[in-house]
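Working notes, beginning with the structure itself.
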Amino acid sequence: MAIDTPKPLVLSNARVIDPARGLDAPGSVIIADGTILAAGPEAANQGAPYGAEIIDCAGAVAGPGLIDMCVSVGEPGAEHRETFASASKAAASGGITTIVTMPETDPIIDDPALVDFILRRARDTAIVNVKPMAALTKGLEGRDMTEIGLLQEAGAVAFINGHKSVRNAQIMRRIMTYARDFNALVVHHTEDPDLAGGTMNAGLNASWKGLSGVPREAEIIMLERDLRLVGMAKSRYHANLISTSDSADVIRAGKKRGLDITAGVSINHLTQNENDIGPYRTFFKMSPPLRDEDDRQAMIAAVADGTIDIIVSNHDPQDVETKRHPWAEAEDGALGLETLLAAALRLYHAEQMDLMPLLATMTCNPADRLGLDAGRLSAGAPADVVVFDPDRPWVLEKSAIKSRSKNSPFEDARFSGRTLRTVVAGRTVYTYD
Amino acid sequence: MISMSAPDPHRLSSFPHRHLLGIEGLQPHEILGLLDRADEAVEVSRQVEKIKPVLRGRTQINLFFEASTRTQSSFELAGKRLGADVMNMAVSQSSVKKGETLIDTAATLNAMHPDLLVVRHHAAGAVHLLARKIGCSVVNAGDGPHEHPTQALLDALTIRRHKGKIARLTVAICGDITHSRVARSNIILLNALGARVRVIAPSTLLPSGIEKMGVEVFRDMREGLKGADIVMMLRLQRERMSGAFIPSVREYYRYYGLDRDKLSYAREDALVMHPGPMNRGVEIDPEVADGPQSLIREQVEMGVAVRMAVLEALAAHLPNS
């Protein structure tokens, strides 16, 4: 990115929503030197800084840019699927200003030098902020813990074993215990690998299709185990992707016991269910698998009541080579950056959630959990802002997908809610035309 | 004069599908139409002159990703009896491992302009994937544990020719239901034609949700066979078992192997079927397999007839037909 500082910017005539402050009011956002000067009704009467560009938002929402806490990028190792450049363009078009990356690349991000590599590549090629998560165990093999201290110093914001669980409870317990000394956040994919052993949600649907099933209990058991270990280790813990009503109950009970835990859900599990798979459509193959409609509704309810804190895209670009196979042989993963906000707005339009708490799950909640100063519009915060019209209709056309891969489960989907402008550190990185 | 009993002229052309990917999605009258056609094909096959050249000039490719003697030769013979040029392609796992995807294979085949493609694959849904990417009619000859429609059709034909009907018969399907495409196709077909379907297996070999699949579930074989008109045995697919499903073959045989004693619980005129290949002494006693109630050999004959019927029905949708 260029080194010169951008011109001051005023987003006027906006509906300013800042979940961190509980603010939802008409007003402006004033930006200079890459930070927020003021945002809200009070900013509307302050005039513009000298030389500012003034954008009339015409009543659209101006909110904190989204933070997507679970993003796979192909770089390093699979640049043909996605690079920081392409992922960040996709993110910007979806109103996402910070992507938190998964470590399951080639090589796996389990060494401070690799964290450094990502941060430099991102600085040179990405138009949004990139915050890497590092591996929880070396090579994601679930055996030896990584250098949590050094990785954190290098810039890792959290630690995760990719889309796999650490199978051995004793190892997990030690990692959690060690991580506590660094106040590091342990993020975990909760799926018992032995019990999972299938390729779609276990049940009648899988049985008719002749596919081996992933029982809900594979997730529930691993999550219950983890929370018991958190109780022993007193560590900070985040369940990355939960998908069943029982998992939400487990999290609820854990929070009640006073554990320092949070939970995430992918947008797919809030807007799709196993019936969307249809005739073995592999773009709907993911981990955890899409569950039934009851579980989807339970996930929405758990986001609405605050049990689930964070919504992520679980963006995972896959190409023809990995997806155009019979179901059982295809890779997991679905695109999500470009559709996260628009798909999340379906919950708002269905009157299942208000706009402010919905936006909190993608702004201040992940920021607070990861210790980022972004995700809010308070004075002095980084000027990462999204302007969107919550009602503007659009259709996701395959040809318009900005990601290098095209495996979107929302291909040809109709949305209400469109990102109009994305601002990162005071610089406009995306405008809708 | 118009005969009041003239056969419905639309009957033989009432198969509206371009592919046969499964029994799921077929209407009962379409299934019956195929069985009627197959009855005629049985007659053709029993003549000295066994050729009914409705597929003359057509190319049929049998694409088998999984080894099969019985099904492949049955499809081959069926195609040849209808006058088609039949080519067998066995795709070894090695070329798949070299990185050639199913779609690459489909593209290669497309370039050869086949009219009919018969596919067997070890993965559920693979045949659907091919059908979406290829220009010709596709017949599913078995896709993983999903469906094996021509097997269910030949089973139904065999039953109908002996019992005169399918409706209201009690059919007990015994064995490894979880891994069986034959079981899935048969459950759908038999239900569509009004039979009462039972499954008998240890719980580890029953798929999740089986009680909602339109069957009565039994874990005790003698109990399950009581009053059955048809006993349909399944092969114990030991090669598909990746975990501990049963403790040993001898224990399985004790509780789920069909012997004369267990068979005596079924109706006296009960008939025994098996899709083959059989494991004698694992799921079926040789005495029963080769005994007077067994239809196992006849099933093979019906297999050719049913496949002729299917190929002929699909041929009506080929270009320039």
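Chain identifiers are assigned alphabetically (A, B, ...) following the order of the sequence lines, protein sequences preceding nucleic acid strands; residue numbering begins at 1 within each chain. As the structure is a computational prediction, the values presented were derived from the model and not from experiment.
Ring planes of B:His146 and A:Tyr280: perpendicular class, angle over 60° (limits at 30 and 60°).
The NZ atom of A:Lys209 lies 7.5 Å from the CD atom of B:Glu24; values are rounded to the nearest 0.5 Å. For the atom pair CZ of B:Arg132 and CZ of A:Arg281, the computed distance is 8.0 Å after rounding to the nearest 0.5 Å. Rounding to the nearest 0.5 Å places CD1 of B:Ile103 at 10.5 Å from CD of A:Glu321. The NE2 atom of A:His325 lies 9.0 Å from the CG atom of B:Leu102; values are rounded to the nearest 0.5 Å. Between the CH2 atom of A:Trp208 and the NZ atom of B:Lys212 there is a distance of 12.5 Å, given to the nearest 0.5 Å. Going from atom OG1 of A:Thr282 over to atom CG of B:Leu129 covers 7.5 Å, rounded to the nearest 0.5 Å.
At least one donor-acceptor pair closer than 3.5 Å links the side chain of A:Ser207 to the backbone N or O of B:Ser208. Counting only distance, with no hydrogens or angles, the side chain of B:Arg181 and the backbone of A:Gly210 share no donor-acceptor pair below 3.5 Å.
With a 4.5 angstrom heavy-atom cutoff, B:Leu130 does not touch chain A via any of its atoms.
With a 6.0 Å radius and a threshold of 12 heavy atoms from other residues, nucleotides or ligands, A:Arg216 has its CZ atom above the threshold.
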